[in-house]
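Notes to accompany the following structure.
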Amino acid sequence: MSGLRVLVTGGGGFLGSYLCEQLLNAGNEVLCVDNFYTGDKRNIRHLLDNNRFELIRHDITFPLYVEVDRIYNLACPASPIHYQRDPVQTVKTCVHGAINMLGLAKRIGARILQASTSEVYGDPLIHPQVESYWGNVNPVGIRSCYDEGKRCAETLFSCYRMQCNLPVKIIRIFNTYGPRMHPNDGRVVSNFILQALQNQDITIYGDGQQTRSFCYRDDLIEGMMRMMETPEDCCGPVNLGNPGEFTILQLAEMVIDLTGSSSKIVRMPLPGDDPRQRKPDISQARELLGWQPVTDLRTGLTRTIAYFEELLREDPAFCGVTVPTTKGV
Ligand code: NAD
Ligand code: UDP
């Protein structure tokens, strides 16, 4: 895919900024829309001089009128600390944002992809998670603004497909990490790396036996772009993630090992509704997209550690780790 005009909502964020970069590298024009709720201009400043790149500061809960061929809808706070800060705004971004972007896609005849999430499976009772599993989500818990918001967005995408024949695509992203993660968003990979690099205590919530499957950013974006270019009848949802499954304790030990840190592991209360296990079944992604991750956790962590080392040197004030003090237990 090249020579297209592509809208990326949330293009100032961790994943969105790398997607913008890859779309430009492939020869497209990119319109990046972001309200910088959790994104950062640092992520895209190297793109601002490119005459195929345009930045619009805009909140997608309000309508947007532009002409594009493709819409990647990534705008939404993604880490628990960020999406729980203003739960109402999170729901609005998921739901009103989806309605606005779907309305735009319908009006201009654009293809549209939704960045959904493994959180739609909640605390899953089926392991690994297959797309046909409907999930186990608490609709009134502290994570529900995000989980249910994203589920409703999936519903809206499906309705527009069924009712308006819109070429929609849904991907369910599992925990993704890499350079440009926000240092203060409280996610486990950025927290552990920054804590280890500063020889601070590594904060494990609960007993550390909960599992996650960590996908490196570049692999994820490759899968996302492949999904967008599948035939029109390939709508998903399709899981995108790395099936390698690790306990949070194993992750902490690996980060300590790779950084040579003298950090000690400390325990903190487990936040409410924290999923106990998570691992994608990626058979569909393999079959439909010919995609699977190629970066193992040690390799991806090594690159991410190098990124945060440099960030700590350049901008230490930006790198304070966020851990909850009053998160629900
Ligand atoms: P991020 O917080 O770095 O990026 C989200 C971007 O959306 C930010 O730049 C933010 O400012 C912007 N944004 C938020 N609300 C907005 C609004 N109302 N209008 C316009 N812009 C808005 O997070 P990320 O990790 O890059 O996640 C990107 C997308 O991928 C999100 O939709 C997220 O739900 C999804 N996702 C990410 C992961 C992951 O592990 N990174 C996992 C599952 C799903
Ligand atoms: N976690 C942790 N210490 C931290 C941050 C997170 O033990 O400093 C745990 C968290 O409770 C969860 C896992 O790591 O079990 C992944 O958390 P993250 O916020 O990265 O993503 P999510 O819970 O949305 O998968």
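Note that ligands are numbered from 1 as they come in the structure, with each ligand's atoms numbered from 1 the same way.
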When you measure from the side chain of [X] to the backbone N and O of [Y], does any donor-acceptor pair fall under 3.5 Å?
X: Asp219; Y: Val294; value: yes
X: Gln250; Y: Thr247; value: yes
X: Thr299; Y: Thr295; value: no
X: Asn28; Y: Gly3; value: yes
X: Asn239; Y: Asp281; value: yes

Tell me which protein heavy atom sits closest to [atom], plus the residue, atom name and distance to 0.1 Å.
atom: atom 40 (O) of ligand 1; result: Thr176 N, 2.8 Å
atom: atom 14 (C) of ligand 1; result: Cys76 N, 3.5 Å
atom: atom 13 (N) of ligand 1; result: Asn35 OD1, 3.4 Å
atom: atom 19 (N) of ligand 1; result: Ile60 N, 3.0 Å
atom: atom 27 (O) of ligand 1; result: Ala78 CB, 3.6 Å
atom: atom 4 (O) of ligand 1; result: Gly13 CA, 3.5 Å
atom: atom 1 (P) of ligand 1; result: Thr38 OG1, 3.8 Å
atom: atom 26 (O) of ligand 1; result: Leu15 N, 2.8 Å

I'd like to know if [X] contacts ligand 1, where contact means a heavy-atom distance under 4.0 Å to any ligand atom.
X: Lys150; answer: yes
X: His58; answer: yes
X: Asp34; answer: yes
X: Ser116; answer: yes
X: Tyr146; answer: yes
X: Gly97; answer: no
X: Arg187; answer: yes

If I apply the N/O under 3.5 Å rule, does [X] come out as touching ligand 1?
X: Tyr37; answer: yes
X: Leu74; answer: yes
X: Thr93; answer: yes
X: Phe174; answer: no
X: Phe14; answer: yes

Of the backbone atoms (N, CA, C, O) and the side-chain heavy atoms from C-beta on, which set of [X] has a member under 4.0 Å from an atom of ligand 2: side chain, backbone, both, or neither?
X: Ile81; answer: neither
X: Arg143; answer: side chain
X: Asp274; answer: side chain
X: Met268; answer: neither
X: Arg187; answer: both

Quick one: does [X] get an N or O within less than 3.5 Å of an N or O on ligand 2?
X: Val188; answer: yes
X: Arg212; answer: yes
X: Tyr83; answer: no

With heavy-atom distances below 4.0 Å as the criterion, list the atoms of ligand 2 near [X].
X: Thr203; answer: 2 (C), 3 (N), 4 (C), 7 (O), 8 (O)
X: Pro80; answer: 19 (O), 24 (O)
X: Gln210; answer: 9 (C), 11 (O), 15 (O)
X: Asn175; answer: 21 (O), 22 (P), 25 (O)
X: Asn191; answer: 4 (C), 5 (C), 8 (O)
X: Ile204; answer: 7 (O)
X: Phe192; answer: 3 (N), 4 (C), 8 (O)
X: Glu119; answer: 24 (O)

Open item on the list: Is the ring pair Tyr83/Tyr146 parallel, tilted or perpendicular, if the boundaries are 30 and 60 degrees?
Closed with: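 Parallel.
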TODO: Please work out which of the three classes, parallel, tilted or perpendicular, describes the rings of Phe246 and Phe214, given edges at 30° and 60°.
DONE: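 Tilted.
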Do [X] and [Y] have side-chain N/O donor and acceptor atoms under 3.5 Å apart?
X: Arg107; Y: Tyr65; result: no
X: Arg180; Y: Ser17; result: yes
X: Arg286; Y: Gln292; result: yes
X: Asn136; Y: Asp123; result: no
X: His127; Y: Gln129; result: yes
X: Thr211; Y: Lys279; result: no
X: Ser116; Y: Glu154; result: yes
X: Ser261; Y: Asn199; result: yes

Open item on the list: Is Gln195 close enough to touch ligand 2? Criterion: a residue heavy atom under 4.0 Å from a ligand atom.
Closed with: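 Contact absent.
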- [ ] Measure the distances from the heavy atoms of Gly186 to every atom of ligand 2 and state whether one is below 4.0 angstrom.
- [x]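 Heavy atoms of Gly186 do come under 4.0 Å of ligand 2.
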- [ ] Would you indicate whether Arg276, at its atom CZ, is surrounded by more than 12 heavy atoms from other residues, nucleotides or ligands within a distance under 6.0 Å?
- [x]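 No, because the 6.0 Å sphere around CZ of Arg276 holds 12 heavy atoms or fewer from other groups.
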TODO: Using a cut-off of 6.0 Å, state whether more than 12 heavy atoms not belonging to Asn165 lie near its atom CG.
DONE: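 At most 12 heavy atoms, drawn from other residues, nucleotides or ligands, come within 6.0 Å of this atom.
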Open item on the list: Arg212 vs Asp274, test: salt bridge (Lys or Arg N to Asp or Glu O under 4.0 Å). Steps then yes/no.
Closed with: CA-CA 11 Å; Arg212 294 292 185 275; Asp274 199 289; 3.0 Å; yes
Task: Part of Gln89 with heavy atoms under 4.0 Å of ligand 1, whether side chain, backbone, both or neither - done: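 Side chain only.
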Face-on cation placement of [X] at [Y] ring, 6.0 Å and 45° thresholds:
X: Arg42; Y: Phe318; value: yes
X: Lys41; Y: Phe36; value: yes
X: Arg303; Y: Tyr177; value: no

Open item on the list: As a check for students: among Asn43, Asp59, Ile173, identify the option with a heavy atom nearest to atom 43 (C) of ligand 1.
Closed with: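 Residue with the shortest heavy-atom distance to the ligand atom: Ile173.
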Open item on the list: Is there a path of hydrophobic side-chain contacts, each under 4.5 Å between heavy atoms of I/L/V/M/F/W/Y residues, joining Leu102 to Ile171?
Closed with: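 They do not share one cluster, since no chain of ILVMFWY contacts under 4.5 Å joins Ile171 to Leu102.
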- [ ] Could you tell me which atoms of ligand 1, counted from 1 in the order shown, lie closer than 4.0 angstrom to a heavy atom of Gly39?
- [x]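 Answer for ligand 1: 8 (C), 9 (O), 10 (C), 11 (O).
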